[in-house]
Protein chains: 2
Amino acid sequence: MNIKHNKEDILRKGMELFRLNGYHNTGTNEIIKEAGISRGSFYNFFKDKDDFGIQVLDFYGVWSTDYMKQLLNDKKLNPKQRLINMFDEFVEGYKKENYKWGCLLIGMTQELGQINSAFTEACNRNFESFLNVFEPCIKEGQQDGTISKNEEARALAITVLSMYNGALVLMKSGLHHEPLTAFQGQLKLMLAV
Amino acid sequence: MNIKHNKEDILRKGMELFRLNGYHNTGTNEIIKEAGISRGSFYNFFKDKDDFGIQVLDFYGVWSTDYMKQLLNDKKLNPKQRLINMFDEFVEGYKKENYKWGCLLIGMTQELGQINSAFTEACNRNFESFLNVFEPCIKEGQQDGTISKNEEARALAITVLSMYNGALVLMKSGLHHEPLTAFQGQLKLMLAV
DNA sequence: TTGCAATTAGATAGATCAGTCTAATTGATT
DNA sequence: AATCAATTAGACTGATCTATCTAATTGCAA
């Protein structure tokens with residue numbers, strides 16, 4: 001038998017390429033070359049490029065959600081501090097990659113949203129799973145008095161996610177770190193009681 | 001002589017199509033068909049599709065900036081109210097189109113950001129011109145005491161733009177009106193002294 | 001050693017798309 | 001009526017990309 005490939009490794013490589021260059025600007029040739037597999041193997045794992053794209057989206061969503069859960073469920077800090085620290089880590093990550101990466105869900109939504117409903121649904125369910133991690137943490141902070149009760153937990157979760165997503169858009173458009181700094185500053189003000 | 005075409009009409013149609021379906025999902029065939037011109041005419045006006053794309057971006061940027069200026073310079077209301085009303089109008093516009101449209105700058109940044117630096121620069125300069133309309137209005141509000149001084153005017157302008165952009169992303173990903181409502185609510189809280 | 005299933009390289013088909021080119025047409029001008 | 005520049009339709013080319021197919025290779029198992 002030849003090398004038994006790990007499907008996750010291919011998905012991870014696709015995630016990287018799509019985040020850097022977008023869906024249409026990443027060919028299947030580039031994917032298989034970068035993943036170190038053969039064309040036949042790729043089409044053995046995935047029905048077609050769209051199927052691969054959807055699976056990459058869900059892989060990214062689960063991967064991100066798990067990471068967020070890990071950071072937001074650590075009860076050593078209060079909920080507000082956990083949120084702030086989590087975004088600090090994310091910002092650090094983007095900085096480390098010289099602001100070249102983007103959020104896959106944002107990119108895919110923009111690029112394929114109106115074209116293929118399977119992509120819209122995938123983006124939507126993964127954004128929802130982000131919100132479903134934020135919201136309980138915010139609610140916990142509202143109950144223990146560390147986070148503002150000016151808005152419902154879900155609305156606040158949506159606003160935080162919006163602000164973060166929007167900062168990533170401006171970051172990628174060439175403003176680099178400035179919108180991330182503004183986001184970090186505003187996040188603290190926004191959560192404050 | 002045949003019909004003398006208006007370059008602006010072609011740019012406007014391109015803007016519509018790119019906002020709905022993205023850059024790669026809009027072919028030159030669709031553009032010329034929708035704009036009602038011939039292939040030859042298109043390539044008489046524009047060097048190639050990329051040249052067209054850049055000109056559409058700047059057209060969108062100038063068009064949006066002019067509209068914002070008009071709304072934010074109307075001295076009948078205080079600066080805070082002008083900002084709130086402006087975004088209310090924008091939100092109403094997206095609602096009217098059933099949340100199918102997106103912001104062209106966001107889409108182009110995501111789709112072509114890392115690929116073609118001319119696109120990145122165009123997105124960047126147009127986002128900057130948005131900020132250069134927001135900032136003086138916010139500064140004016142900070143001086144007359146209607147807008148919070150917790151953040152510098154530019155940082156606040158960036159945050160507002162981020163939050164708005166992020167809400168548009170979630171809107172297009174299928175959440176429709178909910179992120180827009182959350183944005184409108186948070187905007188008021190954020191600007192409040 | 002032999003057989004076999006998985007994997008590979010790479011050719012190839014088929015579709016799509018950008019951009020060029022040509023011949024015909026239009027309509028204002030002289 | 002004749003001219004001519006602008007415009008048009010649409011064929012065509014070449015490039016690119018997805019997806020299929022084939023023949024060769026690998027390496028485990030019998």
Side-chain angles (χ1 to χ4, degrees), chain A residues 1-57 107-108 110-112 114-119 122, chain B residues 1-57 59 104 107-108 110-112 114-119 122:
Chain A
M1 227 194 345
N2 271 350
I3 306 158
K4 177 76 182 153
H5 287 299
N6 191 340
K7 192 172 163 181
E8 277 207 2
D9 289 340
I10 311 170
L11 291 172
R12 186 172 297 111
K13 187 52 77 173
M15 184 183 82
E16 282 181 31
L17 293 169
F18 290 156
R19 286 180 73 181
L20 278 170
N21 302 324
Y23 186 75
H24 288 99
N25 277 304
T26 305
T28 50
N29 272 321
E30 199 182 350
I31 295 164
I32 64 178
K33 202 188 71 185
E34 288 289 316
I37 57 168
S38 67
R39 182 155 286 274
S41 252
F42 180 83
Y43 283 97
N44 185 44
F45 279 117
F46 309 100
K47 195 180 139 280
D48 50 30
K49 195 190 172 187
D50 276 8
D51 176 44
F52 178 67
I54 299 287
Q55 291 200 41
V56 168
L57 265 178
M108 291 293 210
Q110 296 298 313
E111 206 169 338
L112 298 159
Q114 295 307 315
I115 305 304
N116 187 326
S117 64
F119 278 90
Chain B
M1 219 180 8
N2 271 351
I3 306 160
K4 176 74 180 154
H5 287 297
N6 192 340
K7 190 171 162 181
E8 276 206 2
D9 289 340
I10 311 170
L11 290 173
R12 185 171 298 110
K13 187 53 76 175
M15 184 183 82
E16 281 181 31
L17 293 169
F18 290 156
R19 285 180 74 182
L20 278 170
N21 302 323
Y23 186 75
H24 288 99
N25 276 305
T26 305
T28 51
N29 273 322
E30 198 181 351
I31 295 164
I32 65 178
K33 202 189 72 186
E34 289 288 317
I37 57 168
S38 66
R39 183 157 284 275
S41 252
F42 180 84
Y43 283 98
N44 186 43
F45 278 118
F46 309 101
K47 194 179 139 285
D48 51 30
K49 194 189 174 190
D50 276 7
D51 176 43
F52 178 67
I54 298 288
Q55 291 199 43
V56 168
L57 264 179
F59 176 76
L104 187 66
M108 291 293 210
Q110 295 298 315
E111 204 169 339
L112 299 158
Q114 295 308 314
I115 304 304
N116 186 326
S117 64
F119 278 89

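Below, each value reflects all heavy atoms present in this structure, side chains not excepted, and no hydrogens, waters or symmetry copies. All of these numbers come straight from a predicted model, not from anything done at the bench.
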Between A/Phe18 and A/Leu57, is a side-chain contact (heavy atoms from CB on, under 4.5 Å) present by the stated rule, with each step listed?
CA-CA 10 Å; A/Phe18 290 156; A/Leu57 265 178; over 6 Å; no

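Under the 3.5 Å distance criterion, the side-chain polar atoms of B/Glu111 are left unmatched by any main-chain donor or acceptor of A/Gln110.
Distance A/Phe42 CZ to D/dT18 C1': 10 Å, rounded to the nearest Å. One atom, CD1 of B/Ile37, and another, P of D/dT8, lie 7 Å apart when rounded to the nearest Å. Rounded to whole Å, the distance from NZ on B/Lys49 to C1' on C/dT20 is 17 Å. In this structure, B/Phe45 places its CZ atom 12 Å from P of D/dA6, rounding to the nearest Å. Between the CG atom of A/Asn44 and the P atom of D/dT20 there is a distance of 12 Å, rounded to whole Å. When the C1' atom of D/dA19 is taken as reference, atom OH of A/Tyr43 falls 5 Å away, rounded to whole Å.
A search for side chain to side chain donor-acceptor pair (under 3.5 Å) contacts involving B/Asn116 returns B/Asp50, not counting sequence neighbours.
Atom-to-atom distance recorded for A/Lys13:NZ and A/Ile37:CD1 is 11.5 Å, nearest 0.5 angstrom.
Side-chain N/O atoms of B/Arg39 and base N/O atoms of D/dG10 include no donor-acceptor pair closer than 3.5 Å.
B/Phe119 and B/Tyr23 have perpendicular rings, their planes meeting at more than 60° on a 0 to 90° scale where under 30° would count as parallel.
By the 4.5 Å heavy-atom criterion applied to side chains, A/Asn25 and B/Leu112 are counted as neighbours. When side chains are defined from C-beta on, A/Thr28 counts as touching A/Arg39, because their heavy atoms get closer than 4.5 Å. With contacts defined as side-chain heavy-atom distances shorter than 4.5 Å, the pair B/Leu11/B/Phe46 qualifies.
Axis angle across the helix from C/dT1-D/dA30 to C/dT30-D/dA1, with five pairs used at each end and values rounded to 10°: 10°.
For A/Ser41 and C/dT8, the shortest distance from a side-chain N or O to OP1 or OP2 is below 4.0 Å.
Scanning residues 19-33 of chain A for heavy-atom distances under 4.0 Å to DNA chain C yields an empty list.
Of the charged side-chain nitrogens involved, none lies within less than 4.0 Å of a carboxylate oxygen, so that A/Glu16 and A/Arg12 do not count as a salt-bridged pair.
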